[in-house]
Amino acid sequence: MSTQAKAGPAVGVAMKRKEDPRFIQGKGHYVDDLSFPGMLYLALVRSPYPHAAIKAIDIAEAMKVPGVKAVITGKDLEAAGLGWLPTFHGFDKQMVLAIGKVLFQYQEVAAVFAESREAAADGAEVVQVDYEPLPVVADPFTSKTDQVLLRPDREQKTNHIFHWEVGDRDGTARALESSPKRISQRMWFQRCHPAPLEPCGCVAFFDTMGRLQFHVTSQAPHVYRTALALVTGIPEDKIHVVSPDLGGGFGNKVPVYPGYVCAIVGALKIGRPVKWVETRTENLTSTGFARDYHMDVEIGATEDGRVTALRVATTADHGAFDAAADPSKYPAGIFGIVTGSYTFPVAHAEVDAYFTNKAPGGIAYRCSFRVTEASFAIERGMDILADELGIDAVELRRRNFIKKEQFPYPSALGFTYDSGDYHKTLDTALEKIGYAALLKEQAEKRAKGELMGIGVSTFTEVVGAGPSKHFDILGIKMFDSAEIRIHPTGAGIVRTGTKSQGQGHETTWAQIVAEELGLDPQMIMVEEGDTDTAPYGLGTYASRSTPTAGAAIAMAARRIREKARKIAAHLLEVGEADVEWKDYRFQVKGVPAKTVTMKEIAFAAYTNMGRNEPGLEATYYYDPPNMTYPNGTYIAVVDVDRETGEVKVRRFLAVDDCGTIINPIIVEGQIHGGLTEGFAIAFMQEIQYDSDGNNLNTNFTDYLVPTSLETPHWETASTVTPSPHHPIGAKGVGESPNVGSPAAFVNAVVDALSPLGVRHIDMPVTRDKVWRAIRDAKGRPA
Ligand code: CDP
């Protein structure tokens, strides 16, 4: 069967059906709910220094703490060949517990195992570590000078990690040189953190058969199993990974963390189950951070606002180890989407990454691998260009959009955009928000000296990694899978290689099966996250689930339908060619009265199948022919208080196009959640380090998470341009709001301040930054 299946219906695959799709399934337990007889607790000793040599570690006092069973250090792990952990994209490795020196504050130094959580924490407190502080490299620009070499363990004696580039360097330089208009701006997409409400954790034990049972907060359980087999040498069939319900992930639960490895080593060494659940501070200070890209953006244009070239040069801060969870061939993720929704004839993007004395990471926080940074760069850049040209920011975008008839569109940086109708999405948004009236109101307010801003972002995303010819993690190709079994009574189960963390796969996967087979979605159970039962898949992140596993489900269901057709022919006593699928049932062609339902066929598959093979099940491994390219128009309206710098988001409208919508309620929930995260990033969140390398945002009093009091009211709408290559026409949506919204917020604030001559403010756009910008404003140059 071809993967280039015909696109499905335009809106709501299962919403056409009578059943109410608002049902919920789930495992009903989290890692921290698990308890096993004899279970020990693990606490990690962490470094107070960002960069220091370890002279000695004394565990004697810790071993005296009642309940403490064992303490292990980096040297113990090194002796067992487990001192270093490969990072996911394979360019670097990471210390499990510090060996010889620490490279960031809160780095894991020793592991304490005890009878209770409290005893483990008490033990960790009295492990004596003798540190000798070393000079700290707190930013990538200092790192560039190589005056302090951070990673002497590497062959390459420099702090430079990688250089990556794409596009036409010389052609772009020439086009920029000859462009009548040109803007350039350095933008920093600050270091931030996904901060899922449930932090990371695991329980590890070896069962009576000697099999590793590993319950873990993982967005990619199969990849964990393979990685564990490769690193520990335990045969893969002797490893059972279970990822139960997850309290959010957002990319934070993709990497394998030292706590997991220590729990497994402890379970093996002591012969008892071990639980490790990190604290909020541990989560914020040592697990995968996001972004930290310093981007120099240049755009060339004609006098009348046609873009001629784009150049983006990025300096990336990757922290102490290069633990970015990117596909192997993409050290800077899919940053090449930086040309956005516009017809740039030529472009060039490059990224240089450096080590610093900060926590490692660079994970795709609700983002398809650096797409958020890219989207921010181009959407801010377009606004700065509009300002320079004196053209309305909406009009500039409209002039440069890829047109509907240009799809499939080959971008200057090598992507083939599948579909879109950017003008329609934009017009829908402008009409819904009343753009013309807002412009009028703004002009009136400006005349009175009031600061009102309208910020637009018309972003294009790229999700669904991916075609296996381009995308792999640790060499494992990035397809995904589905297995469907229909039981005799017409109930069934669908299992996939993805793993929901709250995105509602339990609902939408059942809907796809129901729609394809004419069954009741409430009777389709969804199971993910168990490597013993689910078919192999690469997991859930980067909004890949619908483009990959969602497609695999539709294709597996169609396989079942083909098998069912044979049984239908047997039941209807006609040849297979005389049977057609119509209105969710099989009927004899031209005889509407002679029909048989899938429920009846399911029963027959086990009781009266004729000469057909018994049973009704199918598996499909789906390798997408292309990524999907969702897009959207987001508009923020803000009022800025001149005296205090306070920004009030008065309105925010998100019009998204994610192709065929499977479940509008779930999609709306995804948009609301992602916008709230985008709002937090734009206005509140930054993992800050001082010049001595101290982390200043170690808990939720310093790293702010918006409550319902701060969060604006979200208005949403959609346009539907199905993906031509996805079996049901669906594109991913989960990360669109996080990708598209930061630029809309910042554009709105800068627009409000533009009469004062303000051109850019780095995120988070806090009240004091805005107040300072107003105080220092020199007024718009004449
Ligand atoms: O990979 P992840 O599940 O995070 O992202 P996604 O594929 O964008 O899906 C997020 C949720 O929205 C899932 O429950 C999808 O099935 C649902 N969705 C939908 O109902 N319609 C779409 N066109 C895209 C996603």
Side-chain angles (χ1 to χ4, degrees), residues 7-15 21-26 194 196 219-220 243 246 248-254 364-369 371 418-419 461-466 478 480 482 494 496-515 521 524 526 528-529 537-554 622 624 627-632 656-674 677 716 718-723 726-740:
V11 178
V13 167
M15 295 304 286
R22 286 169 293 181
F23 63 96
I24 298 200
Q25 300 184 32
Q219 295 177 225
S243 184
L246 300 181
F250 313 113
N252 189 236
K253 290 168 182 168
V254 172
Y365 168 20
R366 209 166 187 163
C367 161
S368 189
F369 316 113
V371 171
D418 61 348
S419 64
E461 261 251 74
V462 49
V463 301
M478 293 185 76
D480 226 290
V494 53
T496 66
T498 47
K499 173 64 198 144
S500 183
Q501 310 120 48
Q503 293 95 324
H505 294 176
E506 296 84 353
T507 302
T508 45
W509 291 173
Q511 284 183 258
I512 296 174
V513 176
E515 172 67 19
I524 306 297
V526 175
E528 297 180 313
L538 275 282
T540 290
Y541 37 86
S543 283
R544 67 183 298 277
S545 301
T546 302
T548 58
I553 294 166
Y622 186 80
M627 307 279 274
T628 66
Y629 296 74
N631 70 283
D656 275 279
D657 192 331
C658 60
T660 304
I661 296 170
I662 302 163
N663 187 315
I665 303 166
I666 290 207
V667 167
E668 197 180 0
Q670 292 287 302
I671 304 292
H672 279 218
E677 288 178 326
T716 57
S718 57
T719 55
V720 175
T721 318
S723 168
H726 187 281
I728 61 169
K731 305 179 180 186
V733 76
E735 64 201 29
S736 289
N738 202 326
V739 167

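Whatever order the structure lists them in is the order used to number ligands and atoms, beginning at 1. These figures come from a predicted structure and were not determined experimentally.
When heavy-atom distances to ligand 1 are checked against a 4.0 Å cut-off, K731 comes that close only through its backbone atoms N, CA, C and O. Here T540 has side-chain heavy atoms under 4.0 Å from ligand 1, and that is the only part of it that gets that close.
A side-chain contact (heavy atoms from CB on, under 4.5 Å) with S736 is found for exactly one of D656, V667, N631, namely D656.
For the pair I661 and ligand 1, the shortest N or O to N or O distance does not fall below 3.5 Å. Residue-to-ligand polar distances place Q503 within reach of ligand 1: an N/O pair is separated by less than 3.5 Å. Below 3.5 Å of separation, one finds no N or O of P547 facing any N or O of ligand 1. Between T660 and ligand 1, at least one pair of N/O atoms sits closer than 3.5 Å. Inclusion of W509 in the set of residues having an N or O under 3.5 Å from an N or O of ligand 1 is not warranted. Where the criterion is an N or O separation shorter than 3.5 Å, residue side chain and backbone included, I662 meets it with respect to ligand 1.
With hydrogens left out, the protein atom closest to atom 3 (O) of ligand 1 is H505 NE2, 2.6 Å, a heavy atom. V733 N, 2.6 Å is the protein heavy atom nearest to atom 8 (O) of ligand 1. Taking atom 5 (O) of ligand 1 as the reference point, the nearest protein heavy-atom neighbour is S543 CA, 3.5 Å. Nearest protein heavy-atom contact of atom 20 (O) of ligand 1 is N663 N, 3.0 Å.
Each of the following atoms of ligand 1 lies closer than 4.0 Å to a heavy atom of R544: 1 (O).
A donor and an acceptor atom, one from each side chain of N663 and Q511, are located under 3.5 Å apart. Looking at D480 and T498, their side chains never bring a donor and an acceptor atom within 3.5 Å of each other. Side-chain contact of T496 with E528: a donor-acceptor pair under 3.5 Å is present, judged by distance alone.
Contact annotation: G550 has no heavy atom less than 4.0 Å from any atom of ligand 1.
Across all their heavy atoms, I512 and I662 have their closest contact at CD1-CD1, 3.8 Å.
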Determine whether Y541 and F250 satisfy the following criterion, side chain to side chain contact (heavy atoms under 4.5 Å, CB included), listing intermediate values before the conclusion. CA-CA 7 Å; Y541 37 86; F250 313 113; over 6 Å; no
